[in-house]
Amino acid sequence: MRVGVFICHCGSNIAGTIDVAKVAAEMRKVPGVAFATNYMYTCSEPGQDEIKEAIKREKLNRIVVAACSPRMHELTFRRTIEKAGLNRYFLEMANIREHISWIGLDKEANTNKAIESVKMAVAKAMNNKPLYSQSFKVNKRVLVIGGGVAGMQAALDCADGGLEVILVEKSPSVGGMMARLDKTFPTIDCSICILGPKMVDVAQHDKIKLYAYSEVDDIKGYVGNYQIKIKKKATYVDWVKCTGCGACMEKCPAKNSYDHFNFGVAPTRAINIPFPQAIPKKAKIDPNYCRQFVKGKCGVCAKICPTGAINYEMQDEIITEDVGAIIVASGYGLVDMDKFPEYGAGRYPDVITGIQYERLLNASGPTEGHILRPSDKTEPKTVVFVSCAGSRDKSCGIPYCSNFCCMYIAKQAILTKDHIPDSQSYVFYMDIRSPGKGYDEFTRRAQEDYGAKYVRGRVSRIYPKGKKMVVVGADTLLGTQVEVEADLVVLATAVTAAPGAPQLAEKLHISYDTFGFYVEGHPKLRPVETNTAGVYLAGCAQGPKDIPASVGQGSAAASKVQALFSKDMLESDPAVAKVNENTCVGCLKCIMTCPFGAVKEKELRGGRIVANVIETVCAGCGVCTATCPCGAIQLSHFTDNQLLAEVNTICQK
Amino acid sequence: MDVINLTKSTDWNFIEEVSKESGQNPSLCYQCGNCTAGCPYTNYFDFPVSQIMRLLQSGQKDTILSSKAIWLCATCETCTTRCPCEIDVANVMDTLRIIARRENKVSEKDIKLFYDTFLASMKQHGRLFEVGTLMAYNLKSGHFFADAELGPKVMEKGKIHFFPNNIKGRDKVAKIFTRFQEKAKKHG
Amino acid sequence: MSEIAPKELRIVGFLCNWCSYGGADTAGVSRFRQPTDLRIIRVPCSGRVDPLFIVKALLNGADGVLVSGCHPRDCHYTDGNFYARRRLEMLKQLLPYLGIDEKRFHYTWISASEGQRWQKTVTDFTNQIHKLGPLHSTTEAHSGS
Amino acid sequence: MAEREYAYYSGCSLEGTAVEYDMSMKLVLEALDVNLKEPEDWSCCGSTPAHTVDHVLAAALAARNLSIIEKMGTDTVTVPCPSCLSAFKRAHLGMAGDASFKDQVNDLIDEPYNGGVISKSTLQIMYEDIGLEEVAKKVTHALPDLVVAPYYGCILTRPPEIAQFDDPENPVSMDKILEAVGVKVSSFVFKLECCGAAFGVPKRDMVNRLTAKVLSMALDSGANCIAVACPLCQQNLDLRQSQVNALMGTNYNIPILYFSQIVGLTYGLTPKELGIDKLIVSADDLIRSRITVEELAQNKAAAEAEEKARKAKQKEDKTKTEET
Ligand SMILES: Cc1cc2nc3c(=O)[nH]c(=O)nc-3n(C[C@H](O)[C@H](O)[C@H](O)COP(=O)(O)OP(=O)(O)OC[C@H]3O[C@@H](n4cnc5c(N)ncnc54)[C@H](O)[C@@H]3O)c2cc1C
Ligand SMILES: Cc1cc2nc3c(=O)[nH]c(=O)nc-3n(C[C@H](O)[C@H](O)[C@H](O)COP(=O)(O)OP(=O)(O)OC[C@H]3O[C@@H](n4cnc5c(N)ncnc54)[C@H](O)[C@@H]3O)c2cc1C
Ligand code: SF4
Ligand code: SF4
Ligand code: SF4
Ligand code: SF4
Ligand code: SF4
Ligand code: SF4
Ligand code: SF4
Ligand code: SF4
């Protein structure tokens with residue numbers, strides 16, 4: 001065995017708090033180590049060349065790189081040693097950066113810890129066996145979850161590239177939040193005018209199969225071969241028959257149904273088409289409000305519908321689709337008003353949220369684009385915008401910035417002036433966050449050309465006084481308390497993860513952060529990938545972002561899928577479980593525990609029963625290995641021998 | 001205000017002292033102004049409470065300890081309840097008063113005097129003797145007739161006792177004070 | 001930090017690749033200071049951790065063992081961590097029979113984004129092991145039944 | 001219903017300027033079958049002034065009382081005054097959360113406090129322990145003229161970590177209790193605004209201006225009196241109302257009642273025993289119309305009958321005119 005050890009400086013990242021030369025020197029004393037050196041930037045091209053040359057020169061057959069996290073560069077170095085003719089699994093990495101040099105300043109302790117960590121890696125590497133991938137066929141269909149602007153962009157880009165797309169949207173129509181917006185910053189173009197055509201393309205593209213009012217129920221499989229169960233929720237209207245004429249909606253007597261699309265700005269009917277541009281434009285019954293469901297009698301819509309589309313007996317339906325990759329674009333939610341007792345917590349009708357205000361501004365909204373305050377339907381002359389309502393607020397459990405509200409507040413202030421020329425807007429803010437192209441100019445314009453008064457300070461309280469809402473805040477630049485007697489108050493409520501985001505992540509086996517946003521592969525270098533092969537992210541599901549960024553990510557995720565699907569065959573990860581048929585006693589405990597159903601019974605010629613792993617199904621978790629009483633089933637690359645070699649290196653009594 | 005030379009006048013020990021005694025981390029404050037917005041006394045403060053927090057972040061010990069604001073704060077808890085960074089601001093104000101007292105830098109003599117008179121009454125009688133406290137305060141503060149017009153109204157309602165209600169254990173209460181003073185002396 | 005004795009003790013950590021190893025990386029990227037006693041072994045899943053590894057480590061020189069995986073329901077392998085929990089819970093109850101204080105073994109769930117939580121876990125566990133002192137210089141390991 | 005028992009710490013104000021709070025609270029709780037035990041030889045809680053000297057001293061002054069109560073063998077003390085309550089809770093929570101603080105405090109007092117006493121406001125025991133249903137059961141009288149603005153003052157529910165009761169921004173317990181005894185309550189948005197607290201003496205001007213706002217908002221809410229649960233609030237609003245009028249050129253004449261006095265009135269207790277006569281701004285006019293609930297029901301029935309008759313007649317007239 002001839003092990004080569006390469007200790008990386010990572011500039012001063014590692015060398016600053018670890019004596020790398022000493023680590024290399026110590027390694028030269030370890031039995032089996034034929035060569036050890038330290039190098040400035042091992043992952044750089046010359047750094048990799050150095051490894052390749054050393055392999056040839058020193059006839060090395062196992063390589064240990066002590067550098068950053070294997071989550072960062074394991075693949076890089078596997079490729080390097082493969083180019084030099086070694087099996088890629090002959091590589092081991094010791095993480096001396098994230099786990100040592102960055103978390104302690106004591107150089108002596110760090111150096112000592114690094115020496116031991118590298119020794120562990122050497123011990124494991126000496127036990128590494130060559131592993132060979134198998135190739136398998138890719139199913140070149142893609143599932144997109146979420147039909148907001150990000151998901152639609154991803155779906156269209158994939159479909160335009162010739163891929164078959166399954167688009168699953170939870171609500172009755174695609175469009176997401178953008179479909180609710182009036183105009184969009186920083187150009188103030190009409191949201192639905194630019195989104196509408198995309199929605200129609202989605203509906204008409206022959207490569208896109210749209211399941212609206214549906215959710216992903218179950219996901220099985222692995223990159224290249226997923227089996228998806230989709231639950232089509234009962235709409236109580238046969239969408240094949242429904243023409244979207246709207247006759248039912250006009251006659252439905254349940255007039256006080258909650259309008260999810262308009263965020264409750266005005267009520268809707270129990271049977272409704274969410275908005276005029278909805279795709280698909282079909283009616284749906286809300287059983288929480290429909291009298292047929294609540295009281296057991298009505299049936300008006302069934303009588304009125306010219307096509308006989310109403311079906312009160314409809315049940316949820318499960319559909320199966322097979323795909324090879326998944327793009328998650330499930331968007332975001334908004335924090336509830338009841339988080340703000342000091343602002344009235346939803347008790348005062350004239351304190352509304354930003355998204356509700358978008359609906360008031362919108363020509364196809366409940367007020368037909370007239371800004372009327374909810375309490376008495378009069379035109380407000382003084383409008384106060386409160387930024388960071390819940391955002392950047394630890395006491396609300398939301399320490400992060402919601403990213404786009406500064407910009408939409410400026411937009412809404414401008415639009416308010418456009419709608420009501422003799423109105424005055426006030427904006428309470430802590431910081432104006434407008435770093436995009438043309439963005440800062442936009443927020444300046446709101447102040448310079450549209451006269452919005454920006455007040456630097458938080459709002460402490462809002463209370464009613466007569467017909468006015470008194471907004472009590474601070475002007476920290478003046479160092480005073482300030483009050484505005486407003487007609488309408490708009491809260492820029494914090495962006496949260498989409499409802500149900502964690503549950504969806506669990507189905508997908510991807511990680512989510514404390515707040516429910518999905519975690520990308522690397523915050524800078526893999527922004528639309530996840531750590532689960534074949535699953536990609538786009539839009540606000542990953543974190544709050546505006547439309548341009550969401551669209552950008554939709555396209556990026558689509559191009560990642562295109563790249564994945566550019567090959568017909570994928571290589572499997574050979575780090576899977578293997579059964580030693582000689583030692584297996586056929587107890588079948590492994591079959592019971594394998595979470596993926598990857599182990600099956602096999603009858604040997606003599607009639608003896610043993611376990612057998614289906615390589616393409618095995619995900620490589622090693623649960624079976626820890627279960628087997630005989631050590632007969634071993635997870636390659638993480639065998640008992642390999643892990644115990646590491647344990648023994650540090651625990652030698 | 002004069003130019004604040006940040007390299008020279010930042011009193012790091014003071015920041016440390018306040019953090020330790022109040023258990024609050026002043027760096028958490030991002031100067032949103034919510035405390036000032038809600039404080040019922042902002043109009044009367046020489047520095048609004050968010051600026052006290054800012055002065056604290058910059059270690060401006062003298063300015064803070066000689067401010068009126070720390071004495072005009074009524075511990076109404078509005079700031080603490082609403083601070084988005086979960087800072088117990090009222091506690092910081094309380095701590096600043098304690099330090100100002102300790103260092104003999106009290107700007108609002110009347111308020112301190114009132115508190116002292118209150119505590120003296122307590123030490124003497126075990127309970128608060130309202131009339132005695134008021135009279136002692138008026139005498140010492142020189143506001144001889146403060147609230148004098150209210151006297152008859154209260155008297156008429158039979159709410160005033162002209163003699164203190166001395167409790168049996170009043171020496172025990174006094175002992176709490178003496179023990180405290182002894183301890184304080186010991187620790188300098 | 002002050003409670004940690006200047007001399008290091010031997011602590012072995014088994015971390016699942018997807019969550020906790022990533023959490024430790026996140027702590028590193030955020031430069032969250034931690035004691036240096038811990039030595040990390042990367043495993044694909046906490047379900048891969050054979051209780052035997054832990055026993056071997058503790059009998060052969062480790063003063064403490066920490067296992068950390070993905071949060072329940074967030075396992076990269078669906079429910080590998082449930083198996084882990086069952087096994088490790090059992091192990092915890094068995095340790096005293098080997099004459100080992102069960103406080104020397106701890107398992108927990110930390111996700112890839114929870115750098116701060118990782119820092120706290122490592123610091124707390126290291127402090128705990130220091131409080132218990134070295135396992136092998138004392139007679140603790142052999143005094144049990 | 002089983003009789004409830006609490007230690008009852010009235011505090012210094014309730015012996016003097018707030019004696020009517022004490023009188024009415026005791027009677028109401030008695031009516032609700034609550035047995036109150038007064039701790040022997042209690043001393044002042046220390047209140048705000050002690051807090052400006054030192055936190056340990058402040059806690060010790062409060063803890064002396066808690067220690068006495070602990071020895072009485074009662075686990076809960078009920079306290080009418082929010083200022084005393086806050087002093088008790090701070091001492092208790094501070095000592096529970098920090099062993100060294102606890103030692104320092106116990107070093108100052110003769111008998112150590114071991115953390116065995118829970119402090120609750122009298123409002124809290126009525127709202128949570130006794131419950132609205134029980135509170136409502138005892139009602140015998142109605143106060144048809146009263147429209148009350150419930151005023152909680154600043155520290156009864158804040159900060160939430162200390163108060164651990166009701167909502168810190170929109171408390172409702174007093175509203176609910178008053179409604180339960182059949183009194184009309186206005187929607188009052190200045191429930192928590194500070195009244196000037198202990199600054200009445202040294203900073204009178206400031207206090208007067210703050211109370212002026214509270215009084216004006218109460219009137220705006222449609223109320224004709226204010227209910228309080230704090231001796232300081234009461235004093236600043238009632239005793240100093242004339243000062244406010246002099247300073248601001250107003251002529252407020254708003255009775256400031258303790259909530260316990262209002263509850264007592266609905267229980268049929270006499271104004272005299274509830275100490276209503278001790279209020280500076282008289283509430284006599286407002287409560288003169290007090291009647292029994294039976295009378296109220298009769299009046300209502302009569303009014304309804306009259307209304308019905310009137311409507312019937314109207315209809316008759318209408319049909320008549322149509323016929324002609
Ligand atoms: C008041 C307001 C004003 C704004 N103004 C602007 C502006 O002017 N300019 C701008 O650039 N940005 C603006 N934004 C931001 C903009 O809304 C977002 O950038 C954009 O909507 C993000 O798109 P998305 O596709 O990521 O998410 P979404 O729009 O939230 O779409 C997500 C979609 O996924 C669906 N979904 C969720 N969960 C599931 C699931 N489990 N299964 C299936 N489907 C699911 C949802 O129903 C939804 O249709 C504004 C936001 C607000 C709140
Ligand atoms: C001081 C500083 C600190 C920063 N810190 C961070 C940070 O911590 N985190 C972070 O995310 N971002 C940081 N950034 C921003 C980061 O540098 C940019 O986001 C990033 O470099 C952009 O990459 P790019 O490829 O678009 O452009 P560039 O890095 O500018 O690359 C453009 C390349 O194109 C070449 N080129 C130019 N014109 C031509 C031509 N006509 N023909 C051929 N080649 C051409 C240039 O030589 C250059 O190599 C920082 C920036 C600065 C200035
Ligand atoms: S290999 Fe890793 S540690 Fe080394 S230079 Fe590259 S990034 Fe830095
Ligand atoms: S359900 Fe019938 S009536 Fe309603 S929109 Fe569809 S076709 Fe028209
Ligand atoms: S059956 Fe339901 S949905 Fe149809 S009209 Fe009646 S209430 Fe409306
Ligand atoms: S974008 Fe602006 S308003 Fe929104 S959370 Fe960030 S700073 Fe606050
Ligand atoms: S658990 Fe082990 S012995 Fe039992 S069947 Fe599986 S591989 Fe064979
Ligand atoms: S490693 Fe074992 S338990 Fe895990 S998927 Fe493969 S066969 Fe199943
Ligand atoms: S409310 Fe809190 S964060 Fe805001 S200025 Fe005051 S102390 Fe600072
Ligand atoms: S506690 Fe003091 S500083 Fe805070 S709001 Fe009340 S009076 Fe102002």
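Because only heavy atoms are used, hydrogens play no part in the values below, and waters and symmetry mates are left out as well, while side chains stay in.
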> For C:Phe53 and A:Leu644, work out which heavy atoms get closest and say how close.
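Taking every non-hydrogen atom into account, CD2-CD2, 3.7 Å.
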
> Please look at A:Tyr512 and chain C and tell me whether the side chain, the backbone, both or neither of the residue comes under 4.5 angstrom of a heavy atom of that chain.
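Its backbone and side chain both get close to chain C.
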
> At a 4.5 Å cut-off on heavy atoms, which part of A:Ile510 comes close to chain C: side chain, backbone, both, or neither?
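For A:Ile510, the contact with chain C is made by the backbone alone.
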
> Less than 4.5 Å apart, any side-chain heavy atom of A:Ile103 and any of C:Phe32?
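With C-beta onward as the side chain, the pair stays apart.
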
> Hey, are the side chains of C:Arg87 and A:Thr627 touching, using non-hydrogen atoms and a 4.5 Å cut-off?
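They are in contact (side-chain heavy atoms under 4.5 Å apart), so the answer is yes.
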
> Short question: side chain of C:Arg31, backbone of A:Gly104 - any donor-acceptor pair under 3.5 Å?
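The answer is no, because no donor-acceptor pair under 3.5 Å joins these two groups.
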
> With a sphere of 6.0 Å drawn around CD of A:Glu108, does it hold more than 12 non-hydrogen atoms of other residues, nucleotides or ligands?
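Count not over threshold, so no.
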
> For C:Lys120, is the NZ atom crowded, meaning more than 12 foreign heavy atoms sit under 6.0 Å from it?
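Count not over threshold, so no.
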
> Non-hydrogen atoms of chain A under 4.5 Å away: do they reach the side chain of C:Val49, the backbone, both or neither?
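The answer is the backbone of C:Val49.
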
> As an exercise, state the distance from CD of A:Glu116 to CZ of C:Arg39, rounded to the nearest 0.5 Å.
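Going from the CD atom of A:Glu116 to the CZ atom of C:Arg39 covers 4.5 Å.
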
> To check you understand the geometry: which heavy-atom pair defines the closest contact between A:Asn95 and C:Tyr21, and what is its length?
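For A:Asn95 and C:Tyr21, the tightest heavy-atom pair comes out as CB-OH, 3.2 Å.
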
> May I ask you to name which of A:Cys624, A:Gly620, A:Ser117 has the most heavy-atom pairs under 4.5 Å with chain C?
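Heavy-atom pair counts peak at A:Gly620.
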
> Among C:Ser46, C:Pro44, C:Cys45, which residue meets the side-chain contact (heavy atoms from CB on, under 4.5 Å) test with A:Cys621?
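Per the side-chain contact (heavy atoms from CB on, under 4.5 Å) rule, the option paired with A:Cys621 is C:Cys45, out of C:Ser46, C:Pro44, C:Cys45.
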
> When only pairs under 4.5 Å are counted, which of C:Ser113, C:Ala112, C:Pro51 shares the most heavy-atom pairs with chain A?
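Heavy-atom pair counts peak at C:Ser113.
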
> Grab the two heavy atoms, one from A:Ile650 and one from C:Val12, that are nearest each other, plus how far apart they are.
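Smallest heavy-atom distance, with atoms named: CD1-CG2, 3.8 Å.
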
> Could you state the interatomic distance from CZ (C:Arg42) to CD (A:Glu92), rounded to the nearest 0.5 Å?
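Those atoms lie 7.5 Å apart.
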
> Return yes when atom NZ of A:Lys22 has more than 12 non-hydrogen atoms of other residues, nucleotides or ligands closer than 6.0 Å, and no otherwise.
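Not more than 12 within 6.0 Å, no.
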
> What are the two closest non-hydrogen atoms of A:His99 and C:Asp25, and how far apart are they?
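A:His99 and C:Asp25 have their closest heavy atoms at NE2-OD1, 2.8 Å.
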
> Nearest 0.5 Å, what's the OG1-CH2 distance between A:Thr530 and C:Trp18?
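Nearest 0.5 Å value for the OG1-CH2 distance: 8.5 Å.
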
> How would you list all residue pairs meeting salt bridge (charged side-chain N to carboxylate O under 4.0 Å, His left out) that involve residues 511-525 of chain A, not counting sequence neighbours?
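Every candidate salt bridge (charged side-chain N to carboxylate O under 4.0 Å, His left out) pair involving residues 511-525 of chain A fails, so no pair, neighbours aside, qualifies.
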
> Go through the steps to decide whether C:Thr36 and A:Asn110 satisfy the test side chain to side chain contact (heavy atoms under 4.5 Å, CB included), and finish with yes or no.
CA-CA 7 Å; C:Thr36 49; A:Asn110 281 357; 3.7 Å; yes

> Is A:Lys107 atom NZ crowded by more than 12 heavy atoms from other residues, nucleotides or ligands, each under 6.0 Å away?
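Yes - once you tally the heavy atoms of other residues, nucleotides and ligands closer than 6.0 Å, there are more than 12.
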
> Give me the atom names and distance for the closest heavy-atom approach of C:Ile41 to A:Glu646.
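Taking C:Ile41 first and A:Glu646 second, the nearest heavy atoms are CG2-OE2, 3.6 Å.
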
> Taking everything shown except A:Lys229 itself, do over 12 heavy atoms lie less than 6.0 Å from its NZ?
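Open.
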
> For the atom pair CG (C:Leu58) and SG (A:Cys651), what is the distance rounded to the nearest 0.5 Å?
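Here the rounded value is 8.0 Å.
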
> Looking only at heavy atoms and a cut-off of under 4.5 Å, which of A:Leu105, A:Val519, A:Ile100, A:Asp106 has the most pairs with chain C?
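Most pairs with chain C among the choices: A:Leu105.
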
> Just give me the residue among A:Ser101, A:Pro502, A:Pro70 that pairs up with chain C most often, heavy atom to heavy atom, under 4.5 Å.
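Top option by heavy-atom pairs under 4.5 Å: A:Pro70.
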
> Between C:Arg48 and A:Asp640, is there a side-chain N and carboxylate O pair less than 4.0 Å apart?
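Yes, this pair counts.
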
> Do C:Phe14 and A:Val647 touch side chain to side chain, with heavy atoms closer than 4.5 Å?
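Yes; the side chains approach each other to less than 4.5 Å.
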
> Can you tell me if A:Asn531 and C:Asn17 form a side-chain donor-acceptor pair at under 3.5 Å?
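No - no donor-acceptor pair under 3.5 Å links their side chains.
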
